[in-house]
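Below: the structure, in structure tokens.
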Amino acid sequence: MNIKALTGISAALAAVMLAGCVAPGQQYGGYPQQGYQQPGYQPGYQPPPQQQPQGALYGTVQSIEQLNGANNSPNILGTVLGGAAGGLLGNTLGGGRGRTATTIAGAVVGGIAGNRIENSMGQPNVLYRITVRLDDGRVATVTQAPPLRVQQGQRAAVSNDTVYPY
């Protein structure tokens, strides 16, 4: 096997391994649990109550339903890494004018494969459909993204398509 083939194969394998290191969705760093005190807070400190939204409708949460939407995030990294790996692999296979064709074909196939792999790794978008029985008897249904700050049976305010604890 020649050096170009080995270089191309090792580059393709490195790209595939790096693509496996990509974390889907948003990640959050944590604080150490033991002995950590959040800056600005003293033991026993109670934060001031949230301001109630202007023009809100008030009622009681009747139901909360979790909805899993499709992962609509663009899969750019998987497409780029897959295309690069496929192009490198295709470049090592062809010779002469065929090298250009195999490079292009490898990049296209690698890009499609990388996009599919990243899409399958992605987590679905989570939404909540919250139904609130308003004080005047009407029913308000709001679909909102996390964080969910209310529970079923809790008093709530509905304002700007968001449900707040009341």
- prompt: Between Arg149 and Pro165, which heavy-atom pair has the shortest distance, and what is it?
  reply: O-CG, 3.8 Å
message: Quick check on the hydrophobic clustering: are Val80 and Val108 connected, directly or via other members, by side-chain heavy-atom contacts under 4.5 Å?
response: no
- request: Determine yes or no for a side-chain-to-main-chain donor-acceptor pair under 3.5 angstrom, with Thr102 supplying the side chain and Gly90 the backbone.
  value: yes
- prompt: Which heavy atom of Val150 sits nearest a heavy atom of Ala156, and at what distance?
  reply: CG1-CB, 4.3 Å
field: Donor-acceptor under 3.5 Å (Gln152 side chain, Gln62 main chain)
entry: yes
field: Note, Leu67 side chain near Val126 side chain (heavy atom, < 4.5 Å)
entry: no
- prompt: Does the side-chain contact (heavy atoms from CB on, under 4.5 Å) test come out yes or no for Arg155 and Tyr58, once each step is laid out?
  reply: CA-CA 7 Å; Arg155 293 281 297 157; Tyr58 300 97; 4.0 Å; yes
Side chain to side chain donor-acceptor pair (under 3.5 Å) partners of Thr141, counting only residues at least two apart: none
message: I want to check something: taking the side chain as every heavy atom from C-beta on, are Glu65 and Thr131 in contact at a cut-off of under 4.5 Å?
response: no
task: Could you pull out all residues at least two apart from Asp161 that satisfy side chain to side chain donor-acceptor pair (under 3.5 Å)?
output: none
message: Could you check whether any side-chain heavy atom of Ile130 comes within less than 4.5 Å of a side-chain heavy atom of Leu148, counting everything from C-beta outward?
response: yes
- line: All heavy atoms of Val142 vs all of Thr162, minimum pair found to be CG1-N, 4.0 Å
message: Between Gln144 and Val163 (side chain of the first, backbone of the second, donor and acceptor by atom type, cut-off under 3.5 Å), is there such a pair?
response: yes
query: Hey, is the main chain of Gly137 close enough, under 3.5 Å, to the side chain of Arg133 for a donor-acceptor pair?
result: yes
message: To the closest 0.5 Å, what do you measure between OH (Tyr166) and CG (Leu57)?
response: 12.0 Å
- prompt: Of all heavy-atom pairs between Pro146 and Tyr128, which one has the smallest distance, and what is that distance?
  reply: CG-CE1, 3.8 Å
message: Pair Leu127, Arg129 - check side-chain contact (heavy atoms from CB on, under 4.5 Å), show working.
response: CA-CA 7 Å; Leu127 299 173; Arg129 182 178 297 144; over 6 Å; no
task: Treating Ile, Leu, Val, Met, Phe, Trp and Tyr as nodes and any side-chain heavy-atom pair under 4.5 angstrom as an edge, say whether Ile76 and Ile112 lie in one connected cluster.
output: no
field: Non-hydrogen atoms of Gln154 and Gln151 that approach each other most closely
entry: OE1-N, 2.8 Å
query: Is it the case that one hydrophobic cluster holds both Val61 and Leu134, taking links as side-chain heavy atoms less than 4.5 Å apart, direct or via other members?
result: yes
field: Over 12 foreign heavy atoms within 6.0 Å of CD, Gln66
entry: yes
message: If I take atom CG from residue Leu77 and atom CG from residue Asn115, how far apart are they, to the nearest 0.5 angstrom?
response: 11.0 Å
